[in-house]
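Values below: every heavy atom of this structure, side chains too, minus hydrogens, waters and symmetry copies. Heads up: numbering here begins at 1 and tracks the sequence.
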Amino acid sequence: QVQLVESGGGLVQPGGSLRLSCAASGSIFSIYNMHWYRQAPGKQRELVATISSGGITNYADSVKGRFTISRDNAKKTVYLQMNSLKVEDTAVYYCSQGIAYWGKGTLVTVAS
């Protein structure tokens, strides 16, 4: 049984930083590509960042230079370091493994 649990969301002011974590269990974590998605109210879910099983990263244009995805295979955890946060980054952030499994999300609110 694969389970993904996100944590680290919260309220932050514009320009601030947060680090999200996604802890995985029930799989051989190291063989999967991992992803962070987000969904803002009234908008479709969008892919924010990807890290491959080999450590190759990709980012949405809207977060390039501000967000960093990383993984620790020993801890079966993927991270999203978010810097220089903007109001438009407000969303529920979801972790996904491969193409089949999703966490339940963690809310990030960027507001003054």
Side-chain angles (χ1 to χ4, degrees):
Q1 182 77 268
V2 174
Q3 187 173 23
L4 303 172
V5 180
E6 301 96 336
S7 62
L11 175 64
V12 65
Q13 291 185 299
S17 297
L18 286 173
R19 189 174 81 156
L20 306 183
S21 298
C22 172
S25 62
S27 69
I28 306 174
F29 176 83
S30 62
I31 71 173
Y32 292 99
N33 297 339
M34 299 296 297
H35 316 270
W36 285 100
Y37 287 78
R38 68 185 181 188
Q39 188 167 26
K43 300 181 68 176
Q44 291 187 246
R45 187 172 297 183
E46 66 171 330
L47 178 62
V48 174
T50 292
I51 184 164
S52 75
S53 60
I56 305 300
T57 59
N58 284 284
Y59 301 92
D61 288 342
S62 59
V63 307
K64 284 181 180 177
R66 300 188 298 119
F67 290 11
T68 302
I69 188 171
S70 61
R71 66 192 296 161
D72 185 332
N73 289 337
K75 295 181 178 180
K76 294 186 176 182
T77 301
V78 62
Y79 304 95
L80 186 68
Q81 178 67 47
M82 305 185 295
N83 298 326
S84 301
L85 283 162
K86 303 175 180 179
V87 172
E88 50 263 45
D89 294 320
T90 296
V92 177
Y93 284 73
Y94 299 90
C95 174
S96 74
Q97 176 179 284
I99 60 172
Y101 295 100
W102 295 80
K104 293 183 178 181
T106 185
L107 177 63
V108 172
T109 302
V110 185
S112 298

Results of ring-ring contact (aromatic ring centres under 6.0 Å, His included) for Y94 - residues two or more places apart only: none

Are S7 and T106 close enough that some pair of their side-chain heavy atoms sits under 4.5 Å apart? no

Is any side-chain heavy atom of F29 less than 4.5 Å from a side-chain heavy atom of Q97? yes

Which residues pass the side chain to side chain donor-acceptor pair (under 3.5 Å) test with S96, not counting sequence neighbours? none

Residues that S70 engages under side chain to side chain donor-acceptor pair (under 3.5 Å), provided they are two or more places apart: none

Rounded to the nearest 0.5 Å, the CG atom of L107 sits from the OG1 atom of T90 at a distance of 8.0 Å

Donor-acceptor pair, distance only, cut-off 3.5 Å: does the side chain of S62 make one with the backbone of A60? no

How long is the gap from OG1 on T57 to NZ on K64, to the nearest 0.5 Å? 10.0 Å

Interatomic distance, OG@S27 vs NZ@K76, rounded to 0.5 Å, equals 6.0 Å

Does either side chain, that of R38 or that of Y93, offer a donor lying less than 3.5 Å from an acceptor on the other one? yes

Are N83 and S17 close enough that a side-chain donor and a side-chain acceptor fall under 3.5 Å? yes

Interatomic spacing from SG in C95 to CH2 in W36 - rounded to 0.5 Å: 5.0 Å

Is it the case that R71 places NZ or CZ above or below the six-membered ring of Y32, under 6.0 angstrom from the centre and within 45 degrees of the axis? no

Candidate list T68, T50, I51, test side chain to side chain contact (heavy atoms under 4.5 Å, CB included), partner Y59, passing option: T68

Between E6 and K104, is there a salt bridge with N-O shorter than 4.0 Å? no

Non-hydrogen atoms of C22 and L4 that approach each other most closely: SG-CB, 4.0 Å

Do L18 and V108 have side chains that approach each other closer than 4.5 Å (heavy atoms only, starting at C-beta)? yes

Identify whether M34 and W102 are in the same connected component of the hydrophobic contact network (ILVMFWY, side-chain heavy atoms under 4.5 Å). no

Quick one: does N33's side chain have a donor or acceptor within less than 3.5 Å of a partner on S53's backbone? yes

Rounded to the nearest 0.5 Å, the CD atom of E46 sits from the CD atom of Q39 at a distance of 9.5 Å

Gap between atom CD1 of I28 and atom CG of N73 - 0.5 Å precision: 11.5 Å

Is L20 reachable from Y37 through a run of I, L, V, M, F, W or Y residues, each pair having side-chain heavy atoms under 4.5 Å apart? no

Decide yes or no for V78 and H35: does some side-chain heavy atom of the first lie under 4.5 Å from some side-chain heavy atom of the second? no

Using a 4.5 Å cut-off on heavy atoms from C-beta on, say whether the side chain of F67 contacts that of L85. yes

Considering only NZ, NE, NH1 and NH2 on the basic side and carboxylate oxygens on the acidic side, decide whether K86 and D89 come within less than 4.0 Å. no

A49 and L80: which non-hydrogen atoms are nearest, and at how many Å? CB-CD1, 4.1 Å

